Every structure is written in structure tokens, then in C-alpha cells.
Number of protein chains: 2
Amino acid sequence: MRKVVSSGQPTIKEIAKRLNISVSTVSRALHDHHSIGLRTKARVQQLAAELGYERNQTAIFFQQGKTFTIGILLPELSEAFFSSAISGIEDTAYSNNYTVLLGQSHDDEAREKQIIQSMKQHRVDGCIVSIGKNTRNYEHFEMLRQAKIPVVFFDRIPDLPNIHSVSCNLESGTVQAVDFLLKKGHRVIGMINGPEQLVASKERAAGYMRALHKHRLKYDPELIVSADLTAAGTAEAMKQLLSLKRKVTAVVTFNDYVAMDAVQYALKQKLEINKDITFVSYANTPVSSYTAYPPAASVEQFPYEQGQAATNMLLSILNGDHDFNDYQQLIMESQLVLHT
Amino acid sequence: MRKVVSSGQPTIKEIAKRLNISVSTVSRALHDHHSIGLRTKARVQQLAAELGYERNQTAIFFQQGKTFTIGILLPELSEAFFSSAISGIEDTAYSNNYTVLLGQSHDDEAREKQIIQSMKQHRVDGCIVSIGKNTRNYEHFEMLRQAKIPVVFFDRIPDLPNIHSVSCNLESGTVQAVDFLLKKGHRVIGMINGPEQLVASKERAAGYMRALHKHRLKYDPELIVSADLTAAGTAEAMKQLLSLKRKVTAVVTFNDYVAMDAVQYALKQKLEINKDITFVSYANTPVSSYTAYPPAASVEQFPYEQGQAATNMLLSILNGDHDFNDYQQLIMESQLVLHT
DNA sequence: TTGTAAGCGTTATCAT
DNA sequence: ATGATAACGCTTACAA
């Protein structure tokens, strides 16, 4: 038979042959097994070092039915929020001897499915997922469930029963944000919200309404518009808000990118930022502090910490600390940060 | 013996048993092998579909001695340059049926080594690497070479003989940048350069000098300062430049982050941007267009394309299109982009 | 303390 | 056109 593998890497078989002992002895010696004599252990370990032996992980993965790899699916790494989140994930994974398989959906549902399929084939032990903003159909995650591959959703979580998730509750932060604007005297506050199926959008809307209610103000549905998070969509949303009879003097935007786009639109309309109109946003990016007109305040969503938490949750599931069907929802609290 | 694997996933063995045929027949039927009868083929494929059979990649990886996985090591995903590069890498890898194992060094040499070690153990087929800015010792890459795992370096490439690399030559872009400033009438042009061991730093310096030489101007060594790319280091560098006898009216900064930090420092010194002092930078980030004082021009480095090119190079090595020892250096040309 | 052998899922060689 | 079987590297139950 033709030898397919020719990496030339030494194996335990090789070591066993040279030392005239059995492979199992070598295996155990390499694992510091107590039943192995000190002399043999030493001989084995020395020869292994000499030969530059390195265990063949692919063999172990195969044999154990485990890959110590977790798949990460998220929309867009170029968004600061996600690149920060992935750092939290990666740091936690690596320090637990897991590696990280990456896939970006670019908010494309078809690609999302393809990536999940690929991760499933690669037999990742589990997945951490933030869904695309256009994803409506969840059958690919259903497939993972059937394959018994646990999934922890984070940040952009689907509105589905029985899932593990880590998210940041935006309602509290939004209440703080609207509170802040009301206290500064704003009475007509617009909101550029995201796609309605996102839980996060619902939370923002809820926070907005709760804050108004607290102040015994009436909620005007026209003041909340759903946008698609593109620059064009944001411009459209701003146009809508600015065309209302009541003059909007402040806007809560879906995230810092939307805020920046909204600022650009406002400037085109000759509005003076922080005078004619004030923006409050959600802190997806540290660079906003460098911009000409950063939002007056931002709701911090703790991406790094969410990444850590999601990974820890997944690891605890993989370690069997929890029943597979004991679905957990970890909700962190968002918090308003003033940009002085 | 205790059964370790209990994933319950159907195997070809299972299919063979149910159909009373041999595993090899099943394997071949699943691969559309020509020697298999149409009937058997159909029966096998149908049952496979029914059972939701999915090939066990870990077994194949093991058996083939190949993982169809490439390791990516880079300093920091939160830098827009790298997140853009990784998109180029990932897109190219996925469309060639490779997956991507991620590791961030955070510019820490020890961590870099640890990640390389881990990737080696995971038996990645090859690596794409951008080294940390403090990395002085390259023995971990030497280990990869010995393990016959090909590496393609990109962007931040080590100054080493016999490596595969993709990079963007900054000299040409830098010449254009300094030209641009000279034509605008600047005569005392500073440069905040990066750590001296980086090839990119050398190219910047060379471009700077070449442009001066072209205009028959004398090169003043005090005008180029090496910084460590932190905000503090940049402030220090600016301080040095501004304290010179000859008044610096323009500065070429190492990248957009350095530019933003330099702008902050200049503002603190009550300098008016684009009047008292003009900045030209290297285009690492799209957000710079949102900032209050974007650099007057930027040298574009084409991160996405570099990522694509690096991946294609690695894949061609893996496909055996090239001799392992036929080292290739692909150099793309940088280009100045004016920010009107 | 050490050895023997089965088994993980797949592919490929050699028979039939 | 199909089957039997070895081999990939490693772990582990069981035997000695």
C-alpha cells in the first residue's frame, strides 16, 4: 500500500521500536502515567525529546471524537465591536487549550449557512455565533442542535426558544441614555433603530419607551424608525425624522457607525451638532473618540466581556458541567458613558 | 472496552451493515466512483441522505495527513488593516475549501510562540503570519520550517533570508507622499517612523530620502524619529520634532492611528491642523475619514488584496505548484490617495 | 510494571 | 462491480 502520510514526523511507534518496548508503554510514559517505571519513563521522554516527537493531534482528535476547536461565526470583523469580542473569545479559548476556527458571514445568510456547514464537517466541539442582520431562517442552527454541537449565541441573538446566549441588555442603558437627553432639556427625541427582528432592537425600543413613561411623556411612534444600518439607510432615516412636524433635537442611534453616518447627513443639512441636534449612541468603537463630532454619550456594551462570558459558557457545556438541554441566558447590563 | 465516541453520527460502516454490502463499496458509492453499479450507488446515496450521514472529517484529516486548515497569526484584529486583511484571507481560503484557525499575538513574542506551537500541534497545513512589532527572535518559525509547514509572511515580514512573503512596498508611496508635501511648499518635513527592525520602517525611510534627493534637498537625520506606535510614544516623537530649530510644517506618520495621536498632541500645543502643520499617513483605516482632522493624504496599502495574495501563494505551495524551497516574494506597490 | 490488541472512520490496494 | 483488509497514530481495557 502506498504510504499517504510522509511527514517524517516521529511517532510513538517509532520510539517503541527503538527502545524495544511496546507502544502502550511509550504512550503511558509520555503521559506520566504512574504505573510506568522511572527508568523507562526517563528513557522514553529523553528519546522523544531527541527526536523532536510531537503528538499527532489529528489522530487524537479522531480517536477521542473531540477537536478542542470552537467555531466562531460573526458578521463582520471590521466592526470594532466584534474584533473586541473575538479577543475576549480567543483569549479565553486559548487559555483553556482550545483553538478557534473563524468565519465571517458579512451579514449574508447563505454564507452563514455555508460556514456553519463547514464547521460542522470540521467537527468543531461547539460554536459561538452572532447572527447576521438579515438572517430570518434558523435551520442551520437546528442542524447543529441535531448534531449535538452546542451553540452559544452572543450579542446578536435570534429570537428563538431554548438557546444558550450571552447578551447585553440594552434596555437599561437606553433608559439611561434617554434620561440623559431629557435632563438636558430635549423633548423630541428620535431613535434610529435596527431591523425589527433583532432582540437588541426590541430592547432599545423598550428602553426608549420606559424612559418616556418614567417622565410621564407620551410616546410618539413616528420618532422611532427602523433602518438597515447602511449609510444610505441611515440618511433615509434621518430624513424621515427631520421631516416631522415636531422638531427633533436629539437622536439615539443604533451604533457608532450609524451615528457617524447620521452626523454626516446632519452636517449636509447645515445643522450644528450638539446645538441644533445631539446624538447619543451605543459604544461599538473606540475610534469614535477621534471623530469630529463624537456622540454626547454612549451605551457601553462590553464586547470583550461578552466574548469571555460566551466562551466560558460554551466551555462549561463542553465540560459537561451543565446538561446539554439546560439552556442558559446570561444577560449583562449595559451602561451609559458620558463623553465629556 | 468503553466506547469513547458516542456522537451517534452515522458512519459508512453503519450504512454498509444496513445494506449488506461492504464499507469500501459504500465509500466508493459516496464518491461517485465509476466502478459502482448505478443501483447500488442510488441505494447508498439515498440511505446516506435519510440517515443524515456526514463524512467524519477528523478521520479523513488523520488518514490523509492533511487538515485543510490554515493558521493565521497576526498582531491585532482591532486594527482595521488586519481585519481587512483577514477578510481577504478568509474569503480566499473558504472558496478553496480551506478553513482558518485564528491567533492574535497582541504584539507579544511569547504569545506568538505559543500560538505557533499550538497551530503546529493542530497540524495546520500552512500558516500566514504577520509578526509582532517586538518580535526579535524567529526560532518558532524555524520550527515550522523543520516540520515542513509552509509559512507565508505578509505585511509585517521579518528580515530573514529564504521566506515566502507578500508585502506592499511603501517606498514608492512614501516618495509620492513626500513629493506631495514638497509640491505644497513644505520644506521641513518630519517623519514618525516605526521600530527600526521592521522592513516597512526601512522602506518608509528610504522613500523619504529618495524624494528629497529627487528634489535635490539635503536629508536631515533629526527629522526622522522612531516611535513605538503607542500614544505616548507618538507624543514623545512629536515633542522631539516640534522642538527642532527648523520649524516642522508637515509630518509623515507611520499609520492612521499614529496620525490621530499626533493630531491630538498638536492640538494640545495649540497648533492649527492643515495650517501650522499638515499630516500625511498610511491608510490603515476607513474610519479616518470620519475624524475631525483626517490626514491630507494617505498611502494605501491594500490589505484585502495582500490577504488574498498571501493565501493564494500559500495554496499554490500546498498544491505543490511550487517547490517548497522556491521562495517567493510578492511585492505590491503602495499608492498615495489624496483626501480632498 | 509492561505487553497485547481492539477500536476510532476512512481510503486504497489487491483480490475476486 | 464488489469485498476483504491493511493502514493512518493514538488511547485504553484487559491480560500477564
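Note that these values count all heavy atoms, side chains included, but never hydrogens, waters or copies made by symmetry. Everything numeric in this text was worked out from a predicted model, so none of it was measured.
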Q) With sequence neighbours left out, which residue pairs that include part of residues 138-162 of chain A fulfil the ring-ring contact (aromatic ring centres under 6.0 Å, His included) condition? A) Phe141(A)-Phe153(A)
Tell me: [atom1] of [X] to [atom2] of [N], nearest whole Å?
X: Ile60(B); N: dC8(C); atom1: CD1; atom2: C1'; answer: 14 Å
X: Gln63(A); N: dG9(C); atom1: CD; atom2: P; answer: 11 Å
X: His122(A); N: dG9(C); atom1: NE2; atom2: P; answer: 18 Å
X: Leu30(A); N: dG9(D); atom1: CG; atom2: P; answer: 15 Å
X: Phe61(B); N: dT11(C); atom1: CZ; atom2: C1'; answer: 15 Å
X: Gln64(A); N: dA13(D); atom1: CD; atom2: P; answer: 11 Å

Q: For Ser118(B), check side-chain contact (heavy atoms from CB on, under 4.5 Å) against everything at least two apart and list the hits.
A: Tyr94(A), Thr99(A), His122(B)
(Q) Is it true that, when you exclude Arg39(A) itself, more than 12 heavy atoms of the residues, nucleotides or ligands shown sit nearer than 6.0 Å to its CZ? (A) no
Q: Taking the side chain as every heavy atom from C-beta outward, state whether Ile21(A) and Val44(A) have any pair of such atoms under 4.5 Å apart.
A: yes
Q) Run the side-chain contact (heavy atoms from CB on, under 4.5 Å) check on Thr311(A) and Gln308(A) step by step: do they pass? A) CA-CA 5 Å; Thr311(A) 312; Gln308(A) 281 186 314; 5.9 Å; no
Q) Would you say dG3(D) has OP1 or OP2 under 4.0 Å from some side-chain N or O of Ser24(B)? A) no
Q) Has Thr25(B) got a side-chain N or O lying under 4.0 Å from the OP1 or OP2 atom of dG3(D)? A) yes
Q.
Quick test of your reading of the model: are Glu90(A) and Arg111(B) salt-bridged, counting only N-O distances below 4.0 Å?
A. yes
**Q.** Test item: Gln329(B) side-chain N/O and Ile163(B) main-chain N/O as donor-acceptor pair under 3.5 Å
**A.** yes
Q) Ignoring hydrogens and geometry, is there a side-chain-to-backbone donor-acceptor pair from Thr58(B) to Phe61(A) under 3.5 Å? A) no
Q: Show the numbers, then the answer: is there a side-chain contact (heavy atoms from CB on, under 4.5 Å) between Gln104(B) and Ile115(B)?
A: CA-CA 8 Å; Gln104(B) 290 182 80; Ile115(B) 290 171; 5.5 Å; no
For residues 12-19 of chain A, dump all side-chain donor-acceptor pairs below 3.5 Å to protein atoms at least two apart in sequence or in another chain.
{"unit_1": "Glu14(A)", "atom_1": "OE2", "unit_2": "Arg18(A)", "atom_2": "NE", "d": "3.1"}
{"unit_1": "Glu14(A)", "atom_1": "OE2", "unit_2": "Arg18(A)", "atom_2": "NH2", "d": "3.2"}

Q | Candidate nucleotides dG7(C), dC14(D), dA4(D), ranked by approach to the side chain of Arg28(A) - the nearest | A | dC14(D)
**Q.** Divergence of helical axes at both termini of the helix from dT1(C)-dA16(D) to dT16(C)-dA1(D) - five pairs an end, 10° steps
**A.** 50°
Q. When you measure from every atom of DNA chain C, which of residues 10-22 of chain B have a heavy atom less than 4.0 Å away?
A. Thr11(B), Ile12(B), Lys13(B)
**Q.** Partner of Ile70(A) by side-chain contact (heavy atoms from CB on, under 4.5 Å), out of Val124(A), Ile128(A), Ile149(A)
**A.** Ile128(A)
Q: Measure from the ring centre of Phe62(A) to the centre of the six-membered ring in the base of dC10(D), then say whether that distance is under 5.5 Å and the planes meet at under 30°.
A: no
Q) Which of residues 31-56 of chain B sit near DNA chain D, with a heavy atom under 4.0 Å from it? A) His34(B), Ser35(B), Ile36(B), Gly37(B), Thr40(B)
